[in-house]
Engineer: 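Here it is, the structure, as structure tokens.
Excluded from the calculations below are hydrogen atoms, water molecules and symmetry mates; all remaining heavy atoms, backbone and side chain alike, are included.
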Amino acid sequence: MSEGVINAIDHLLEIINRYQLTGVNPQIKTLVNLKGFLDANGILDEREKLNVHKSLFLPHGGLSDIYYWDDDFETRKEVNDSIKSALEIIANYLLDR
């Protein structure tokens, strides 16, 4: 399970860097810390997962508001679908779904 989450985190960080998506610097640090913890075979309890989820997916701002804009519809759709997929994997892990 954590292997898929680590891959999703890597993919999301790559997209954020490649397309220079801004406004999520605190969440980037949290993602890097989460990845490092999971790489070291760490296990988060339910409370820790909820705290990480709250810090990543704020009501306003945060990862749930990431959106890539490009004039080319296909590029925009492809990038935003990748973002959505990675975010779903991370959120599902943190919410034990």
Engineer: Can Val32 be reached from Leu94 by stepping across I, L, V, M, F, W or Y side chains whose heavy atoms are under 4.5 Å apart?
Structural biologist: yes
Engineer: Check for a donor-acceptor pair, side chain of Glu78 on one end and backbone N or O of Thr75 on the other, with a separation under 3.5 Å.
Structural biologist: no
Engineer: Under a 4.0 Å N-O cut-off, is there an ion pair linking Asp72 with Arg76?
Structural biologist: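 Salt bridge flag = no for Arg76 with Asp72.
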Engineer: So do Val52 and Asn33 actually touch side chain to side chain, heavy atoms under 4.5 Å?
Structural biologist: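 Not touching, per the 4.5 Å side-chain cut-off.
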Engineer: How long is the gap from CG on Leu31 to CG on Leu13, to the nearest 0.5 Å?
Structural biologist: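 Separation between the atoms: 5.5 Å.
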Engineer: Asp65 and His60: which non-hydrogen atoms are nearest, and at how many Å?
Structural biologist: OD2-C, 3.7 Å
Engineer: How many angstroms lie between CD1 in Ile89 and OH in Tyr93, if you round to the nearest 0.5 Å?
Structural biologist: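 Rounded to the nearest 0.5 Å, the CD1-OH separation comes out at 13.5 Å.
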Engineer: Just how far is it from atom OH of Tyr68 to atom CD1 of Ile83, taken to the nearest 0.5 Å?
Structural biologist: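 The OH atom of Tyr68 sits 9.5 Å away from the CD1 atom of Ile83.
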Engineer: Once you round to the nearest 0.5 Å, how far does NZ of Lys49 lie from CG of Asn51?
Structural biologist: 13.0 Å
Engineer: When you compare the side chain of Leu95 with that of Leu50, does any pair of heavy atoms fall below 4.5 Å?
Structural biologist: yes
Engineer: Identify the residue among Val5, Leu12, Ile6 that makes a side chain to side chain contact (heavy atoms under 4.5 Å, CB included) with Ile9.
Structural biologist: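 Between Ile9 and the candidates, side chain to side chain contact (heavy atoms under 4.5 Å, CB included) is satisfied uniquely by Val5.
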Engineer: Could you grab the distance from atom OG of Ser64 to atom CD of Gln27, nearest 0.5 Å is fine?
Structural biologist: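 Rounded to the nearest 0.5 Å, the OG-CD separation comes out at 8.5 Å.
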Engineer: Strictly distance-based, threshold 3.5 Å: is any side-chain N or O of Ser85 a donor or acceptor partner for the main-chain N or O of Ser82?
Structural biologist: no
Engineer: Enter the distance from Thr30:OG1 to Phe57:CZ here, rounded to the nearest 0.5 Å.
Structural biologist: 11.0 Å
Engineer: If I compare all heavy atoms of Ala8 with all of Ala86, which pair ends up nearest, and what's the gap?
Structural biologist: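 For Ala8 and Ala86, the tightest heavy-atom pair comes out as O-CB, 3.7 Å.
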Engineer: Measure the shortest side-chain to side-chain distance between Ile15 and His11 over non-hydrogen atoms and say whether it is less than 4.5 angstrom.
Structural biologist: yes
Engineer: Where is the tightest heavy-atom contact between Tyr67 and Leu21, given as atom of each residue plus distance?
Structural biologist: O-CD2, 4.1 Å
Engineer: Quickly, which of Val79, Val24, Asn80 forms a side chain to side chain contact (heavy atoms under 4.5 Å, CB included) with Ile66? Name it, please.
Structural biologist: Val24
